[in-house]
Amino acid sequence: MKKSYRVKREKDFQAIFETGQNVANRKFVIYFLEKNQAHFRVGISVGKRLGNAVTRNAVKRKVRHVLIANQDKLKNYDFVVIARKGVEELDFDEVKKNLEHALRLAKLYQEGLEE
C-alpha cells in the first residue's frame, strides 16, 4: 500500500478518534472521518493482546490485502481499523467477510461503486 494511502501521524489518528464516528462488529472496530481528498487513507491497529509480532503482522497483511482489493469501492475518508481479539485465528476469507461487514456498517464500502 502506498504511503499516501496511510494514516501515519499521531495528529491524524487523534483527529479521527476525537471528531470521527465509529462502528464495530465482533472482530473489528472502525473509526472514520470524512475528508476532502483524492482517495481514502487508513491506519491499522493490532494490539499486543492478539499475539506476538509475527501474528500481529500477519493480521495487518490480511487487512491490508482486503483494503487494496476493494480500494475502488471505498469512500475517500480517513479511517482506522482496529482488530479485536479472535481475528488472529481467522483465515483470509473470514477476515475479508468480517472487515467488509464492518466497512458496510460504517457506510464506507459501496457495492456498485466502480471508478
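For this chain, numbers begin at 1 and follow the sequence in order.
Note that CD of Gln14 and CZ of Arg9 are 13.0 Å apart. Values are rounded to the nearest 0.5 Å. One distance of note links NZ of Lys85 with CD of Glu89; it measures 6.5 Å at 0.5 Å rounding.
Between Leu103 and Leu67 the shortest side-chain heavy-atom distance falls below 4.5 Å.
Residue Arg6 places its CZ atom among more than 12 non-hydrogen atoms of other residues, nucleotides or ligands, all under 6.0 Å distant.
Of all the heavy atoms in Val23 and Ala102, the pair that sits closest is CG2-O, 3.7 Å. For Ala38 against Asn76, the heavy-atom pair with the smallest separation is O-ND2, 3.4 Å. Contact between Phe28 and Ala83 at its shortest, heavy atoms only, is CD2-CA, 4.0 Å. Contact detail for Gly86 and Leu90: the closest heavy-atom pair is O-CG, 3.7 Å.
Glu18 is linked by a side-chain hydrogen bond (donor to acceptor under 3.5 Å, both in side chains) to nothing, counting only residues two or more places apart in sequence or in another chain. Here His39 pairs with nothing under the side-chain hydrogen bond (donor to acceptor under 3.5 Å, both in side chains) rule; sequence neighbours left out. The side-chain hydrogen bond (donor to acceptor under 3.5 Å, both in side chains) check on Ser45 picks up nothing, with sequence neighbours excluded. For the side chain to side chain contact (heavy atoms under 4.5 Å, CB included) test, residues two or more places apart in sequence or in another chain that qualify with Arg64 are Met1, Ile44, Lys60, Arg61. Here Asn22 pairs with nothing under the side-chain hydrogen bond (donor to acceptor under 3.5 Å, both in side chains) rule; sequence neighbours left out. By the salt bridge (Lys or Arg N to Asp or Glu O under 4.0 Å) test, Lys62 is found to be paired with no residue, residues two or more places apart in sequence or in another chain being considered. Checked against ring pair (Phe, Tyr, Trp, His ring centres under 6.0 Å), Phe40 has the following partners two or more places apart in sequence or in another chain: Tyr5, Phe79.
Applying the salt bridge (Lys or Arg N to Asp or Glu O under 4.0 Å) rule to pairs touching residues 34-44 yields Asp12-Arg41, Lys35-Asp78, Arg41-Asp78, sequence neighbours excluded. The salt bridge (Lys or Arg N to Asp or Glu O under 4.0 Å) pairs that include a residue from residues 42-52 number zero, where partners must be two or more places apart or lie in different chains. The stretch residues 43-72 participates, sequence neighbours left out, in these ring-ring contact (aromatic ring centres under 6.0 Å, His included) pairs: His65-Phe92.
With hydrogens and angles disregarded, a donor-acceptor distance shorter than 3.5 Å links the side chain of Arg56 to the backbone of Gly51.
Applying the side chain to side chain contact (heavy atoms under 4.5 Å, CB included) test between Val42 and each of Leu74, Val81, Val63 identifies Val81 as the sole match.
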Less than 3.5 Å apart, which donor and acceptor atoms pair up between the side chains of residues 93-100 and the rest of the protein, not counting sequence neighbours?
unit_1	atom_1	unit_2	atom_2	d
Glu94	OE1	Asp91	N	3.2
Asn98	ND2	Glu94	O	2.8
Glu100	OE2	Asn70	ND2	3.0

Verdict with supporting geometry, Leu105 and Ile30, side chain to side chain contact (heavy atoms under 4.5 Å, CB included): CA-CA 9 Å; Leu105 287 175; Ile30 298 179; over 6 Å; no
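Grouped by direct or indirect side-chain proximity (heavy atoms under 4.5 Å, Ile/Leu/Val/Met/Phe/Trp/Tyr only), Ile16 sits with Val7, Phe13, Phe17, Val29, Tyr31, Leu33, Val80, Ile82.
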